[in-house]
**Student:** 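First the structure, then my questions, so here it is.
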Protein chains: 2
Amino acid sequence: MTKPTRRDLRRGQTIDEIVGIAIAVMTEDGVAALSLSEVARRLGVRPPSLYKYFPSRMALFDRLFYDGHQQYRDEFRAGAKTADPGLPALVAGLEAGGRWAMRNQALAQLLFWRPVPKFEPSIESFAPGLAVVEDIKQMLAEAVDRGQVAPAAASLEAMSLLSILVTGIVSQQLANAPDEPFEAGRFTRLAPQVFAMFRAHYPPVIG
Amino acid sequence: MTKPTRRDLRRGQTIDEIVGIAIAVMTEDGVAALSLSEVARRLGVRPPSLYKYFPSRMALFDRLFYDGHQQYRDEFRAGAKTADPGLPALVAGLEAGGRWAMRNQALAQLLFWRPVPKFEPSIESFAPGLAVVEDIKQMLAEAVDRGQVAPAAASLEAMSLLSILVTGIVSQQLANAPDEPFEAGRFTRLAPQVFAMFRAHYPPVIG
DNA sequence: GTCTATAGCCTGATAGAC
DNA sequence: GTCTATCAGGCTATAGAC
C-alpha cells in the first residue's frame, strides 16, 4: 500500500526484463533448459547479480508461471466480454486463450504441460489459474440458466471435457505446426467444430 | 540379413539398457534435461563409452523417438484387434494407445509434445508413427463402409479431430494427475464420453 | 546492486592408450 | 569397447568487496 520509490520502479523494470529474456530462452532451448547463466548473459550482467531479483531458478519458474496465468486469465476475460453471456462468452474466452497460447508458446507449455517435473508451482502462482476455473464454472451455470445447454453442462465433468477439448486443440497445434497462427492452424482452425461437439453433447431441453 | 554374432547381441542388450536408463532420467528430470553423463553414471561406465553406441545426444533422442513410436504402434494395433472392425477397433486402438502413454509418460511427451525444440526426428524414426496414421485412415474408411459413421468421417478433418480428442485426454491427465492410472484418471476416465462426441459428430445415414 | 572469486559441480564431445 | 585425459565450456549458488 506504500507508494513505490524510484528504486522500486527500476527494480520492477529489471525483473520484467529478466522475465522477458527467460521466455525467449525457453522458446529457443525448451522450457526445461532455462538457465540463469544464459539469462544473465543476455541481460549483460554476471550470474550472481540475478540472485538479487530471484532467490533461485525455481523462483524464476514460479514468477513465469504466475505471470503466464495472469496473462491467460486477462485474455480469457477480454475475449469473453466480446460475446453474449453464457456459452458464447465462454467459447469466445477459450478461443482468446487459445490465441494467447499460440503467441506465448513457452509460457503455455509451462502452464498446461509438465515439462519440469521438479518444479512445483506455489499456491499464489496458481491463484489466477483457479480464477479462470471459477469463471468457467459460473459461465456454464449461466449457460444452463439461459437454456443454451442441458443442465448437465454445469458439472465438473463438463468442465473436464471442455478442458480436454481446448488442451487438445492447442497441444496438437503447438506440437505439430507451432508456426501456424491460430486462425490458419490445421488444428486450431477446427475449434468451431470442436465446440459444436460440446454443445451437441449437452443439448438444451426445448420447451 | 546376416545372422547376428554374439557381439551384436551383447551390443543390442547394452543399447537397450542405455535406452531404459535414458527413459528413467527423462521421467525424473524432464525430457529436455536428458544428459548422457547421467546415463553413463547409472550404467556404470564413463561418458565417452556411450559414444560407441550413440554418436550424439540427439541420436539417442532419435532412438527413443523411434522406439516410442514402435511401441505405440504395437499397442494401438493390439488394442484394435480386440474389437469389431471399423469404429470399435479404432476406439479400442486409441484407448490402448492412451494406456500406453500413461505407462510411458516420458516417451509420450517426446512423441506427442515438443519439449526439445532443437531435436528434429529423422524420417526413419517417424515411420512407425506414420504407419499408425495410415491405420487410422483405413479404419475410418472401413467404419464408413460399414455404416458406422457418416462418409465425412473418412477425411483429414475427422482424423485431426480424433487426434485433438485423444491428445487432449492424455495431455490433461499427464499434466494434472500423472499418477492416476488410465482407468481411474479424472480425464482418461472420460474417454467414452469423448468418443461418443466424435460418433455423434458423424452420425451414420440410416436407410 | 553490481562485481570478483569461488565452491562444487556438471556438460557434450574427441584423441588415443590399452 | 573400455578407459584416462582433455577440451572447452557450462551450471546453480554463495561470500564478500565495492
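Values below: every heavy atom of this structure, side chains too, minus hydrogens, waters and symmetry copies. First the proteins, then the strands, lettered A, B, ... as listed; each starts at 1.
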**Student:** Side chain of B:Pro48 only, please: which of D:dG1, C:dT14, C:dG1 is the nearest?
**Tutor:** C:dT14
**Student:** Between D:dT12 atom P and A:Ile18 atom CD1, what is the distance in whole Å?
**Tutor:** 13 Å
**Student:** Would you indicate what B:Thr14 reaches in the nucleic acid, counting non-hydrogen atoms under 4.0 angstrom: base, sugar-phosphate, or nothing?
**Tutor:** nothing
**Student:** Does a salt bridge link A:Glu75 with A:Arg103, judged by any charged N lying under 4.0 Å from a carboxylate O?
**Tutor:** yes
**Student:** Which nucleotide wins on minimum distance to the side chain of B:Val45, given the candidates D:dC3, D:dC11, C:dT11?
**Tutor:** D:dC3
**Student:** Indicate yes or no: does A:Arg186 engage B:Glu157 in a salt bridge with an N to O separation below 4.0 Å.
**Tutor:** no
**Student:** Base, sugar-phosphate alone, or nothing: which one does A:Arg7 contact when heavy atoms must sit under 4.0 Å apart?
**Tutor:** sugar-phosphate
**Student:** Give B:Pro47 one of three labels, base, sugar-phosphate or nothing, depending on what nucleic acid heavy atoms sit under 4.0 Å from its own.
**Tutor:** nothing
**Student:** Report yes if at least one side-chain N or O of B:Ser37 is closer than 4.0 Å to OP1 or OP2 of C:dC10; otherwise report no.
**Tutor:** no
**Student:** With the threshold set at 4.0 Å, does a side-chain nitrogen-carboxylate oxygen contact exist between A:Glu183 and A:Arg189?
**Tutor:** no
**Student:** Nearest to the side chain of B:Lys52, heavy atoms from C-beta on, is which of D:dG1, D:dC11, C:dG12?
**Tutor:** D:dG1
**Student:** Of the listed nucleotides (C:dT4, D:dT12, C:dG12), which one gets closest to any side-chain atom of B:Arg57?
**Tutor:** C:dG12
**Student:** Can you check the A:Leu60 CG to D:dT12 P distance for me, whole Å?
**Tutor:** 10 Å
**Student:** What is the distance, to the nearest angstrom, from the CZ atom on B:Arg11 to the C1' atom on D:dT2?
**Tutor:** 13 Å
**Student:** Atom NZ of B:Lys118 to atom P of C:dG12: distance rounded to whole Å?
**Tutor:** 14 Å
**Student:** Roughly how many Å is it from CE in B:Met58 to C1' in C:dA13, rounded to a whole number?
**Tutor:** 13 Å
**Student:** Between A:Asp16 and A:Arg11, is the closest basic N to carboxylate O distance under 4.0 Å?
**Tutor:** no
**Student:** Write down the distance between CZ (B:Arg46) and P (C:dA13), rounded to a whole number of angstrom.
**Tutor:** 19 Å
**Student:** Which part of the nucleic acid does A:Ser49 contact within heavy-atom distance under 4.0 Å: base, sugar-phosphate only, or nothing?
**Tutor:** base
**Student:** Give the rounded distance in Å between these two atoms: CD of B:Glu38 and P of C:dC10.
**Tutor:** 8 Å
**Student:** Taking the side chain of A:Tyr51 as its heavy atoms from C-beta onward, which of D:dT2, C:dG1, D:dA13 lies nearest to it?
**Tutor:** D:dA13
**Student:** Determine the minimum heavy-atom distance between A:Phe65 and A:Leu111, stating which atoms define it.
**Tutor:** O-CD2, 3.4 Å
**Student:** Pick the closest DNA chain D nucleotide for A:Ser35 and for A:Pro55 by heavy atoms, then say which residue is nearer the 5' end.
**Tutor:** A:Ser35
**Student:** Give the rounded distance in Å between these two atoms: CZ of A:Arg41 and C1' of C:dC3.
**Tutor:** 17 Å
